[in-house]
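As the structure is a prediction and not an experimental result, all values here were calculated from the model. In this chain, numbering begins with 1 at the start of the sequence shown. When a ligand or atom number is given, it counts from 1 through the structure's own listing order.
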Amino acid sequence: QKRDERTLKNTDVKVVDFGNAIYDHEHHTSVVSTRHYRAPEVILELGWNQACDVWSLGCILIEYYLGLTLFQTHDSKEHLAMMERVLGPIPSSLLQKTKKRRYVRHGRLDWDEHNSSGRYVRKHCKPLKQYMSSKSTEHEQLFDLMHKMLEYDVSKRITLEAALRHPFFDPLKGKKK
Ligand SMILES: *[C@@H]1O[C@H](CO)[C@@H](O)[C@H](O)[C@H]1NC(C)=O
């Protein structure tokens, strides 16, 4: 049955809706981004810059890969717990700095794996590499890139410029548009 098949004839991308776009020197509201793509530093209200867009794009890349939203939640604390499940513990340096004290307990994310939201997170999320559907070089490189985009530490997160130079994109080099 071909009922639901669609063929894309034009792959041009149109970038729209700059409603929240600002310059570096302008006032940064404490919270930005669409919830599911929101970076940890935004949720923890540690201040943000362009790097939060790299995080968002990382979430969107894996969503393209899976056909599912990686962080499917409407609650910020549960969102952070999902990040820990996928990417490992949030660095204590970030948790030490946050004013959102209700997220933190004894220097760690205040989380209970055994209550209903804890079980939801365990069921719906797993460590990043376990989402790979193939061990081919192309998949390995995509996951390496996504892992670098989903880096907790803003100063270590890959920049957009560096992301474009990542080996995942090498096969596109030399190809005419
Ligand atoms: C589960 O426990 C965490 C950590 O104590 C808490 O933040 C969360 O609200 C709890 N969720 C439910 C549904 O009880």
Side-chain angles (χ1 to χ4, degrees), residues 17-22 24 26-135 139-140 142-160 162-163:
D17 190 1
F18 289 93
N20 282 324
I22 57 162
D24 285 339
E26 289 180 295
H27 174 69
H28 287 41
T29 54
S30 56
V31 177
V32 279
S33 322
T34 302
R35 149 113 31 212
H36 301 140
Y37 310 126
R38 202 170 281 157
E41 67 273 18
V42 178
I43 297 175
L44 294 170
E45 299 192 14
L46 299 174
W48 49 272
N49 59 18
Q50 290 85 351
C52 78
D53 293 331
V54 176
W55 179 281
S56 300
L57 286 168
C59 295
I60 291 167
L61 275 185
I62 190 157
E63 184 164 330
Y64 286 165
Y65 183 88
L66 299 174
L68 296 167
T69 305
L70 182 62
F71 300 123
Q72 185 57 55
T73 180
H74 300 284
D75 177 81
S76 291
K77 202 171 170 197
E78 187 174 87
H79 195 168
L80 294 168
M82 287 181 154
M83 289 177 186
E84 290 208 328
R85 175 94 171 116
V86 176
L87 301 160
I90 296 169
S92 54
S93 56
L94 301 194
L95 295 175
Q96 272 161 24
K97 277 187 278 177
T98 185
K99 291 162 283 180
K100 310 289 278 184
R101 295 323 296 171
R102 68 179 192 88
Y103 297 158
V104 187
R105 199 174 136 89
H106 303 313
R108 305 191 51 192
L109 184 67
D110 175 27
W111 195 241
D112 175 0
E113 289 191 356
H114 303 290
N115 68 13
S116 63
S117 42
R119 288 197 307 273
Y120 176 82
V121 168
R122 282 196 78 77
K123 186 162 182 277
H124 287 266
C125 298
K126 57 187 178 182
L128 184 67
K129 287 273 178 141
Q130 291 182 24
Y131 287 102
M132 289 180 74
S133 56
S134 156
K135 289 279 172 195
H139 288 239
E140 292 278 7
L142 176 60
F143 272 74
D144 181 75
L145 172 59
M146 292 191 303
H147 198 208
K148 289 174 168 138
M149 296 175 85
L150 299 175
E151 161 63 52
Y152 288 120
D153 186 336
V154 172
S155 67
K156 292 185 195 150
R157 192 174 302 153
I158 194 168
T159 62
L160 280 183

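If you take OG on Ser92 and CG on Leu109, they are separated by 12.5 Å, rounding to the nearest 0.5 Å.
Side-chain contact annotation: Asp75 with Thr73, donor-acceptor N/O pair under 3.5 Å absent. Donor-acceptor pairing under 3.5 Å is recorded for the side chains of Arg35 and Ser76. When only modelled atom types and interatomic distance are considered, Glu41 and Asn49 share no side-chain donor-acceptor pair under 3.5 Å. In summary, the side chains of Tyr37 and Glu63 do present a donor paired with an acceptor at a separation below 3.5 Å, with no hydrogens or angles considered.
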What are the atom names and distances for all N or O pairs under 3.5 Å between ligand 1 and the protein?
{"residue": "ligand 1", "atom": "2 (O)", "partner": "Asn115", "partner atom": "ND2", "Å": "2.2"}
{"residue": "ligand 1", "atom": "7 (O)", "partner": "Lys77", "partner atom": "NZ", "Å": "2.6"}
{"residue": "ligand 1", "atom": "11 (N)", "partner": "Asn115", "partner atom": "ND2", "Å": "3.0"}
{"residue": "ligand 1", "atom": "11 (N)", "partner": "Ser117", "partner atom": "OG", "Å": "2.8"}
{"residue": "ligand 1", "atom": "14 (O)", "partner": "Asn115", "partner atom": "ND2", "Å": "3.3"}

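Applying the side-chain hydrogen bond (donor to acceptor under 3.5 Å, both in side chains) test to residues at least two apart or on different chains, the pairs with a partner in residues 120-130 are Glu113-Arg122.
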